[in-house]
Amino acid sequence: MRRSVYDADHEAFRKSVRAFIDSEVVPVHDEWFAAGSAPREFYYKLGEFGLWGIEVPEQYGGAGVESFKFQAIVMEELHRAGVSFGGSGVHTGLCLPYLKKLATEEQKQRWFPGFVTGELMFAIAMTEPDMGSDLAGMRTTATLSEDGAHYVLNGAKTFITGGVLADRVIVCARTAPPRGDDRRFGISLLVVDTSSPGYTVGRKLDKLGLRTSDTAELTFDDVLVPAQDLLGEQNMGFSYLGQNLPQERLSIAVGAYAQAKAAIAFATDYTRQRTVFGTPVAGFQNTKFELAACRAEVDAAEAVVDRALEAHDAGELTAADAASAKLFCTEVAARVIDRCLQLHGGYGFINEYPIARLYTDNRVNRIYGGTSEVMKLIIAKDMGL
């Protein structure tokens, strides 16, 4: 079926993104995989290409586009090619919504020009080693100095995507103790300069998948953060985090759908070329049935994604809608990618083949952005259960 979610402008953008990926990423992606991250200089190329500025207002050097669909196209094209842009996806996917909504005019003038060019790469630090999904239980603190000039930041964060190469990190920290009836009160967002004394990037985490994405542990030891780098209102950070979760979960749903669609393409190509007992693997009935079943599931996931994209651009995507899309698409992707790997036989277990990388990369989709179990709780609550 023809997709109606994208128009001619979107497809022209897709064509240019595909050409960029094929020329600038595919030839060197194996090197990035071995190194564990994309090189920092590559982010400047993405800035020159215009990727970082699509949704940034024009007065700060961006294109001023108010649509998530362009980010969705980038994800679809990356998975089509079996590559990634490293850990840089959080720059626009997670951090930009906070900056657009919460930054003051003075902050936007300071940060957005570098954001667009790639000179200032952003990441966001929420999770702590002993906290997991309970953001209200965070222990990282930011104490305002007596003269009100700066915050003193202390604590630690983990699982920070893009954390190794980031120039600025939006750090969630406690600026006040929780209230008796509100554990969420007292959390604030601070934009921290990663070159500040006391700011340390610890281990680059050795992950099962997403090997080209730099994921780090961060520690803060009396890091001084200027008061003018507070993002939004003090003590109101938890409410801000909740407002951006639907887009984050939509992003994961889109990525999972795109991974599943790519897996079918990889398996189809492989089984047509691979011969067993003198017959292409694609010629066996089992192969046809498996790929047909996968296709049906991905068609359904595509419909869910497209409906969610339209709702998001219309400002109508609810928390439950996003949770439902994430739950469905990530579960579909897990099933489809597993079946497509099986069709590769032993070669599906070799990292040289994109299906193997897809298999490990996909697993985290059911964990980050809220686990599948948390998604079910959100949906059930919306049902009045």
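Given the structure is predicted, the values throughout are model-derived calculations rather than measurements.
- In this structure, R14 pairs ionically with E11, as a charged nitrogen and a carboxylate oxygen lie closer than 4.0 Å.
- With salt bridges taken as basic N to acidic carboxylate O contacts below 4.0 Å, one links E106 and R110.
- In this structure, S188 contributes its side chain and N235 its backbone to a donor-acceptor pair below 3.5 Å.
- Atom CZ of R339 is surrounded by more than 12 heavy atoms from other residues, nucleotides or ligands within 6.0 Å.
- Other residues, nucleotides and ligands contribute only 12 or fewer heavy atoms inside 6.0 Å of the CD atom of Q285.
- Within 6.0 Å of the NZ atom in K45, the count of heavy atoms belonging to other residues, nucleotides or ligands does not exceed 12.
- A salt bridge is absent between R307 and E310; no separation between the charged side-chain nitrogens and carboxylate oxygens falls under 4.0 Å.
- Between the K326 side chain and the G370 main chain, a donor and an acceptor come within less than 3.5 Å of each other.
- Tested against Q259, the residues T330, N362, D361 include a single side-chain hydrogen bond (donor to acceptor under 3.5 Å, both in side chains) partner, N362.
- Aromatic ring centroids of F349 and Y359 lie 6.0 Å or more apart.
- The environment of CD in E105 is crowded: more than 12 heavy-atom neighbours from other residues, nucleotides or ligands sit within 6.0 Å.
- Between the side chains of N154 and T141, no donor N or O sits under 3.5 Å from an acceptor N or O.
- Judged by distance alone, the side chains of S251 and Q71 never bring a donor and an acceptor atom under 3.5 Å apart.
- Side chains of T212 and S84: a donor-acceptor N/O pair is present below 3.5 angstrom, by distance only.
- Using a 4.0 Å cut-off between charged side-chain N and carboxylate O, R335 and E297 make a salt bridge.
- Using a 4.0 Å cut-off between charged side-chain N and carboxylate O, R249 and D321 make no salt bridge.
- Of the possible donor and acceptor atoms, none in the side chain of R139 sits under 3.5 Å from a partner among the backbone N and O of G155.
- Exactly one of V364, L218, T127 qualifies for a side-chain contact (heavy atoms from CB on, under 4.5 Å) with F159. That residue is T127.
- The backbone N or O of C172 lies less than 3.5 Å from a partner atom in the side chain of K157, making a donor-acceptor pair.
- R40 forms a cation-pi arrangement with Y44, by the criterion of a distance under 6.0 Å to the ring centre and an angle within 45° of the ring axis.
- By the criterion of side-chain heavy atoms lying less than 4.5 angstrom apart, applied directly or through intervening Ile, Leu, Val, Met, Phe, Trp or Tyr residues, M126 is grouped together with L99 in one hydrophobic cluster.
- Side-chain rings of F122 and F115 approach one another, their centers coming within less than 6.0 Å.
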